[in-house]
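Presented below is the structure to which this report refers.
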Amino acid sequence: MINIKLPDGAVRSFGDPISIHNVAKNISTSLAKNTISGIVNGEYKDASFIIEEDCELKIITIKDGEALDIIRHSTAHLLAMAVKELYPDIQVTIGPVIEHGFYYDFSCEKPFIDADLALIEKKMHELAKQNIAVNRKEMSRDDAIKYFASINEKYKVEIISSIPSDNTISLYEQGDFVDLCRGPHVPNTSFLKAFKLMKLAGAYWRGDATNEMLQRIYGTAWLNQADLDNYINMLIEAEKRDHRKIAKQLSLFHLQDEAPGMVFWHPNGWQLWQIIEQYIREMYIKHGYLEVRTPQLVDRVLWERSGHWDKFRNDMFSIETDDRQYAIKPMNCPCHVQIFKQGLTSYRQLPIRLAEFGSCHRNEASGALHGIMRTRNFTQDDGHIFCTEDQIQMEVMNFIDMLFEVYAKFGLTQIAVKLSTRPKERIGSDDIWDKAEQSLANALNEKKLAFEIMQGEGAFYGPKIEFEVKDCIGRSWTTGSVQLDFSMPVRLGAEYVSEDGSKKHPVMLHRAICGSLERFIGILIEHHAGKFPLWLAPVQVSILNISEKQAKYAMEVQKHLHDMGYRCKIDTSNEKIGYKIRHWTLQKVPFLLIIGDNEMANQSVTIRRLDGVDLGVFKVTDVHKTFIGEVP
RNA sequence: GCCCAAGUAGCUCAGUCGGUAGAGCACUCCCUUGGUAAGGGAGAGGUCGCCAGUUCAAUUCUGGUCGUGGGCACCA
């Protein structure tokens, strides 16, 4: 007798081993019809899985969220099957589930073109409708290798060959198409309805640039058509808030061919920049940082000493003049160390926190450039803390507090935290790395922050904590980071006099909150969709007169607001009020002041908020009170 | 750097199956002085990314190149 306990606590008993599908059937025919798979004692299994002993079972149907990944994975297989039917010579590689969908990488002589996507998608729908059964088979590793070799799928052979030889391999078969897979999958292709192929891309085999470039097809798949439609609409909406698009509309900045990856800031964008920079500067003061400024060009020897030349020389811009070779600084740290090294520093002075709005140049790979998110010239809100080992944890914790204070001010709340550990190529002993990684983890735990460990992703001189924010279509960008560095002070000879009079090397913390100001502004543009809060808005108020008669009065109002410290523009153009309101609303100015004969007669203005709400008539001397609560 | 796609007016885009291009908005001028998201008229504006090749003729075809977009790789 097999007893199967269901999520509601009910137990069903069966005399013989029974498939999940048949358990569902035993409950109701309609349940069986919708069953995609099951979770047996916490493990995902196919609907065809035969239960042989007592267990807990959750049946997953088309309505359960758990079904989503299975559907996506099965859709990836459907994609591969369609591709094989259309282009038998193409080799399949891997096709995992990703956020919102899946991809599948193919190896082919001739890359796909956009037109192929529609063709392939059509084929997928045809196959899905044929209600093709998806069956699991098991094979020994060696038989699996023989099998895939026999059908000439060399990538599959390569994958299986890396699995230990005593393992059993599971394969999934649908029609003539067989793929190596752990599963589970939908019972048949008719469950796959709401999907769409999204885009083509190149991708290296096993993510290694020295390998062959494969052809990747990205797709999205959902439980139902409504979810798919929602997702597509979300993407359309997200596209509207792309920082590059809004920057054009609001004239914030532009980029042009002659300066790839370098930004021309327009008056509005530069205003925004200045506000942010000034705010960060105030935070420096509040948190005990000293602001400095260091050279743009520094002799190559300093970069050799720091170790950067060795690792990054190809990505550095350099200049040769008077028989000396300089690099345009790709980072500020070695320069800050030079400032630390001036004079003799006592342990009593530590920690010393130096900060700079440091403009750096890196010759990033052409394909890496992305609007102002990834540029060749960027400005870091860079800071370096020189401290003793005992002070590390406290400094890291204080930094984390400062970072979250800043992000909250900008309205950024969805922050992913990652701890990156020692990479393959690194300097410094394992002892030091152990200590460094541990102290960062301690600080995070102390702050009760959930974080993900990124194995091997640390900088070559030390581990780091990274803070990531997402852009409007879900791409993650690193903004803040704090990196621990025991090496650079040694390499560059930074020392302090310790309590016992001996000289010691300080520990160095590299830290940034915005990361790159360019990137941070890009994120802010998308986060606010260009509708900045009052304190950030490049233009806070626009003054609009109804007709020429009130032009002079409008200018008086403008002067009053200027004197109060507001950034305001006046529009006395020969246009109707409706036109002006439309114009300045599209410019996303937080407040519009409307002035006609009525307002002029009693020294007042009518205030219209960006969202269209008419706030009513206010005395000119009271206008600023309306802005209170919006942080002037 | 690699794979794919598209570079046309300030912006968003159409177009030329090879005969030097068009719309809307924006801009300039005129009329209109109008009360909460586009009043009307006229005008100006383009070496069709750049360099070659084929051709009587190239914005259109071919090759290269530069920058951009989507991915991959990279990200001190």
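Chain identifiers are assigned alphabetically (A, B, ...) following the order of the sequence lines, protein sequences preceding nucleic acid strands; residue numbering begins at 1 within each chain.
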> What distance, rounded to whole Å, do you find between the two P atoms, one in G71(B) and one in U28(B)?
Replying inline: 39 Å
>> Between C48(B) and A58(B), how many Å separate the two P atoms, rounded to a whole number?
In response: 12 Å
>> Distance check, C1' atoms only: A26(B) and A9(B), in whole angstrom units.
In response: 11 Å
> When the nearest nucleotide of RNA chain B is assigned to Arg582(A) and to Ile577(A) on a heavy-atom basis, which residue is associated with the more 5' position?
Replying inline: Ile577(A)
> What integer distance in Å separates Leu586(A):CG from A26(B):P?
Replying inline: 10 Å
>> What is the distance, to the nearest angstrom, from the CD1 atom on Ile581(A) to the C1' atom on U36(B)?
In response: 3 Å
>> Using a 4.0 Å heavy-atom cut-off, does Ser306(A) contact any base of the nucleic acid, only the sugar-phosphate backbone, or nothing at all?
In response: nothing
>> Using a strict threshold of under 4.0 Å (side-chain N to carboxylate O), is an ion pair present between Asp471(A) and Arg519(A)?
In response: no
>> Taking Watson-Crick (N1-N3 plus N6-O4 or O6-N4) and G-U wobble (N1-O2, O6-N3), each under 3.5 Å, can you produce the dot-bracket string of RNA chain B? Use [ ] for crossing pairs and | for inter-strand ones.
In response: (((((.(..((((.....[..)))).(((((.......))))).....(((((..]....)))))).)))))....
> Quick one: do Arg475(A) and Glu526(A) make a salt bridge, cutoff under 4.0 Å?
Replying inline: no
For residues 111-123 of chain A, run the donor-acceptor check on the side chains, cut-off 3.5 Å, and write out each pair with its distance to 0.1 Å, sequence neighbours left out.
unit_1: Asp116(A); atom_1: OD1; unit_2: Tyr87(A); atom_2: OH; d: 3.4
unit_1: Asp116(A); atom_1: OD2; unit_2: Ile113(A); atom_2: N; d: 2.8
unit_1: Glu121(A); atom_1: OE1; unit_2: Leu197(A); atom_2: N; d: 2.8

>> Measuring only the C1' atom in each nucleotide, how far is A14(B) from A23(B)? A whole number of Å is fine.
In response: 7 Å
> Are Gln338(A) and Thr294(A) close enough that a side-chain donor and a side-chain acceptor fall under 3.5 Å?
Replying inline: no
> Is the distance from OP1 or OP2 of C25(B) to the nearest side-chain N or O of Tyr579(A) less than 4.0 Å?
Replying inline: no
> Can you tell me how far P of A26(B) sits from CD of Gln249(A), to the nearest Å?
Replying inline: 15 Å
> Rounded to the nearest 0.5 Å, how far does SG of Cys333(A) lie from CE of Met488(A)?
Replying inline: 4.5 Å
> Pick the nucleotide of RNA chain B nearest each of Leu214(A) and Ile594(A); which residue has the one closer to the 5' end?
Replying inline: Leu214(A)
> Sequence neighbours excluded, which residues qualify as salt bridge (Lys or Arg N to Asp or Glu O under 4.0 Å) partners of Asp105(A)?
Replying inline: Arg216(A)
>> I'd like the P distance from G64(B) over to U60(B), given in whole Å.
In response: 15 Å
Name the pairs: protein N/O against N/O of nucleotides 10-12 of chain B, kept only if under 3.5 Å.
unit_1: U12(B); atom_1: OP1; unit_2: Lys248(A); atom_2: NZ; d: 3.1

> Contact class for Ile546(A) vs. all strands (heavy atom < 4.0 Å): base, sugar-phosphate, or nothing?
Replying inline: base
> Quick one: which of Leu592(A), Ile595(A), Val605(A) gives a side chain to side chain contact (heavy atoms under 4.5 Å, CB included) with Ile543(A)?
Replying inline: Ile595(A)
>> Taking G10(B) as the reference, what is the distance to G70(B) when you measure between their C1' atoms (whole Å, please)?
In response: 26 Å
> What is the nucleic acid contact for Gly578(A), judged by heavy atoms within less than 4.0 Å: base, sugar-phosphate only, or nothing?
Replying inline: sugar-phosphate
>> Expressed as a whole number of angstroms, how long is the span from Glu109(A):CD to C4(B):C1'?
In response: 17 Å
> With a non-hydrogen cut-off below 4.0 angstrom, is Tyr103(A) in contact with a base, only sugar-phosphate, or nothing?
Replying inline: nothing
> Which residue pairs satisfy the salt bridge (charged side-chain N to carboxylate O under 4.0 Å, His left out) criterion with at least one member in residues 569-587 of chain A, sequence neighbours excluded?
Replying inline: none
> Is there a donor-acceptor pair closer than 3.5 Å between any side-chain N or O of Ser439(A) and the backbone N or O of Ala436(A)?
Replying inline: yes
> Atom NZ of Lys576(A) to atom C1' of G40(B): distance rounded to whole Å?
Replying inline: 9 Å
>> Whole angstroms only, please: what is the NZ-P distance between Lys110(A) and C4(B)?
In response: 12 Å
> Hey, do the aromatic rings of His384(A) and Phe340(A) have their centres closer than 6.0 Å?
Replying inline: no
> Within a strict 4.5 Å, meaning less than it, do heavy atoms of the Asn602(A) and Lys619(A) side chains meet?
Replying inline: yes
> Going from CZ on Arg362(A) to CD1 on Ile328(A), what distance comes out if it is rounded to the nearest 0.5 angstrom?
Replying inline: 13.5 Å
>> Any base atoms under 4.0 Å from Gln550(A), or only sugar-phosphate, or nothing? Heavy atoms, all strands.
In response: nothing
> Does the gap between the ring centers of His77(A) and Phe102(A) come in under 6.0 Å?
Replying inline: no
> When the distance from CZ of Phe112(A) to P of C4(B) is rounded to whole Å, what number comes out?
Replying inline: 12 Å
> How does protein contact run along nucleotides 59-76 of chain B, one letter per nucleotide 5' to 3', with B for base contact, S for sugar-phosphate only, - for none, heavy atoms under 4.0 Å?
Replying inline: --------SSSBBBBBBB
> Using the P atom in both, what is the distance from A37(B) to A42(B), to the nearest Å?
Replying inline: 27 Å
